Amino acid sequence: MVIKLKPSKLNHMKAKEIQELIDFISNSGLAEVKIETEEFKLSIKKYSEAPAVKFEAAPAPVAVSAPAAAAPAPSPAAPAAASKEDTSKLIEIKSPMIGTFYRTPNPDADAFVNVGDTVKPGQTVCIIEAMKLFNEIESEVSGRIVKVLVENAQPVEYDQPLFLVDPAG
Amino acid sequence: MYKILANTVFLGKEIIYLTECHSTNEYAQQLLRQKEAGEGMIIFTDKQTKGKGQRGNRWWTEPGMNLTFSLILEPKFLRSNQQFDLNMVVCLSIWEVLNQYDPNFVIKWPNDILHKTHGKIAGVLIENSLQSQWMESSIVGIGLNVNQDMQIIPRALSLFNLTGETYDLWVILEKLVQRIEWNYIRLKRGEIRLLRNSYLKNLLNYQQRQLFSDGEVFEGVIIGVGEDGKLLVDKGGSIRSYGFKEIQYIGL
């Protein structure tokens, strides 16, 4: 799949926006995404764990719609990998507020949940702290934690995905 | 030992007294999880062995000398992004009670109560449980230094240090809970603007020039608190908003 964006927008992409794009793609169920402008080519291909990112300056102006020679071609194994890594059925637990994300009830304790744990609705999965007020965030779904999307003690935005849950798990 | 508060409508009608307890907030949390607690319940202890302060900090107290208790509220009328409103209600209520003993108390954003010259007398630790965009329950933990001699601890004091008198903890608890209940009802009625104004009026250094650091030291003026609880500061003519830990007061 090739996403076409206006070059003027892409040229001003910041590291954070690229990170957001990667997060979006990694949660989208797409196996591979290529973005090309006259300035650069961005190719994101998903493997088992984290998405692999290849970001390089284009050596010469390339027609936007032309297939990129430098981008990795889909290998024969890709369709199988894609179905195995199908994330479209996964559910995100999102942050209901802006604040700081904590995985543990206090600094000495174990994490509320880890990858592989099953969660039930109403179960506390993390704490978000804002202005010295501490908020236990409960899961609204049941399933198995597939991925923790935010590092402990990092700031989070409203509606930012925190966990990926496999409802079938 | 179970007692109830007589002069309230719904707070403190059920009080659990523990001779000793790790943390009244944690105890309240356990009861909530087991569905054995509801709005208005108070957990009160004489001896808190692992009192919680700001994530990891401890709140030290001698047995039977100070007030350490947690109050369970279910502010389901508040959205999760309105939770600072409840914090303002609690701080203002504590301030209103302390103001009966000495006129020099102030609220230090976001939720400490200080004496202008002698330091900290009370702290608040609120732990909420959210159900998507709404508040489900709040555990309001309050520590107030009453009869303990705090002189050995820098920048801390008790009511005893201030007046030389000792106080019946029960009487002060009753005053606090009544006041919190009254202001909580006002919040529920939609009087947030009045409550916010009172919080601001009694906020340390509100509308006064002071030194801050947000990475660089500057002279600025606190001009308010945002709806999200962030501190609004006039920095060189432009208004900035700061989260907790994003700004420090200098020289206090």
Side-chain angles (χ1 to χ4, degrees), chain A residues 16 91-113 117-143 145 149-165 167, chain B residues 22-23 25-26 29-30 32-33 35 50-58 75 78-88 90-91 108-112 123-141 225-231 241-247:
Chain A
K16 185 167 179 286
I91 299 171
E92 290 170 344
I93 299 176
K94 293 178 175 176
S95 178
M97 55 187 286
I98 298 169
T100 306
F101 171 83
Y102 290 108
R103 291 188 59 193
T104 63
N106 60 65
D108 312 323
D110 294 333
F112 288 107
V113 289
D117 289 355
T118 52
V119 292
K120 292 176 298 199
Q123 184 177 337
T124 301
V125 290
C126 64
I127 285 175
I128 309 274
E129 179 262 335
M131 307 312 128
K132 258 172 98 178
L133 307 176
F134 294 82
N135 297 280
E136 290 202 339
I137 308 302
E138 298 175 357
S139 174
E140 291 174 353
V141 297
S142 56
I145 301 281
L149 301 167
V150 183
E151 295 266 323
N152 190 47
Q154 290 302 301
V156 290
E157 296 293 326
Y158 172 76
D159 231 22
Q160 180 175 338
L162 306 173
F163 299 92
L164 277 182
V165 177
Chain B
H22 277 343
S23 143
N25 265 34
E26 252 171 51
Q29 221 150 28
Q30 274 174 24
L32 269 177
R33 280 202 195 103
K35 313 234 180 283
K50 274 189 176 175
K52 282 205 246 177
Q54 164 71 12
R55 203 173 163 83
N57 289 352
R58 296 275 174 84
L78 287 179
R79 289 184 168 272
S80 45
N81 60 10
Q82 294 173 309
Q83 56 183 272
F84 200 77
D85 296 354
L86 179 64
N87 177 63
M88 289 195 292
V90 171
C91 291
K108 184 181 181 215
W109 176 86
N111 56 14
D112 286 328
V124 177
L125 180 72
I126 299 182
E127 296 181 281
N128 300 316
S129 180
L130 307 182
Q131 192 107 81
S132 117
Q133 304 305 320
W134 296 88
M135 304 277 287
E136 176 74 13
S137 61
S138 289
I139 299 168
V140 178
V225 171
E227 282 177 16
D228 54 5
K230 288 192 175 181
L231 192 67
S241 79
Y242 294 98
F244 185 63
K245 285 185 179 166
E246 288 173 357
I247 189 164

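Predicted model, so just to flag it, every value in this text is computed and none were measured.
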Please give me the minimum heavy-atom distance between Glu129(A) and Phe244(B), naming the atom from each residue. OE2-CD2, 4.1 Å
Of all heavy-atom pairs linking Tyr242(B) and Met131(A), the shortest is O-SD, 4.4 Å
Need one label for Ile137(A): side chain, backbone, both or neither, based on atoms under 4.5 Å from any heavy atom in chain B. side chain
To the nearest 0.5 Å, what is the distance between OG1 on Thr124(A) and CG on Leu130(B)? 10.0 Å
Show, in sequence, the C-alpha distance, side-chain angles and deciding distance for Lys132(A) and Asn111(B), and conclude whether the side chain to side chain contact (heavy atoms under 4.5 Å, CB included) test is met. CA-CA 8 Å; Lys132(A) 258 172 98 178; Asn111(B) 56 14; 3.0 Å; yes
Qualifying residues under side chain to side chain contact (heavy atoms under 4.5 Å, CB included), relative to Ser142(A), sequence neighbours excluded: Pro121(A)
Stepwise, does the side chain to side chain contact (heavy atoms under 4.5 Å, CB included) test hold for Gln133(B) with Tyr158(A)? CA-CA 10 Å; Gln133(B) 304 305 320; Tyr158(A) 172 76; 3.5 Å; yes
Which distance, rounded to the nearest 0.5 Å, do you find between the CE of Met135(B) and the CG of Asn135(A)? 6.5 Å
Can Phe84(B) and Leu133(A) be said to form a side chain to side chain contact (heavy atoms under 4.5 Å, CB included), step by step? CA-CA 8 Å; Phe84(B) 200 77; Leu133(A) 307 176; 4.1 Å; yes
Neighbour count >12 (heavy atoms, 6.0 Å) for atom CD, Glu151(A): no
Under the salt bridge (Lys or Arg N to Asp or Glu O under 4.0 Å) test, residues paired with Arg79(B) that sit two or more places apart: none
Of all the heavy-atom pairs spanning Ser80(B) and Pro96(A), show the shortest one and how long it is. OG-O, 3.9 Å
Is there a side chain to side chain contact (heavy atoms under 4.5 Å, CB included) between Glu136(A) and Glu136(B) once you walk through the steps? CA-CA 10 Å; Glu136(A) 290 202 339; Glu136(B) 176 74 13; over 6 Å; no
Looking only at heavy atoms, what is the nearest atom pair of Glu138(A) and Ser129(B), with distance? OE2-OG, 2.7 Å
Nearest 0.5 Å, please: how far is CG in Leu125(B) from CZ in Phe134(A)? 5.5 Å
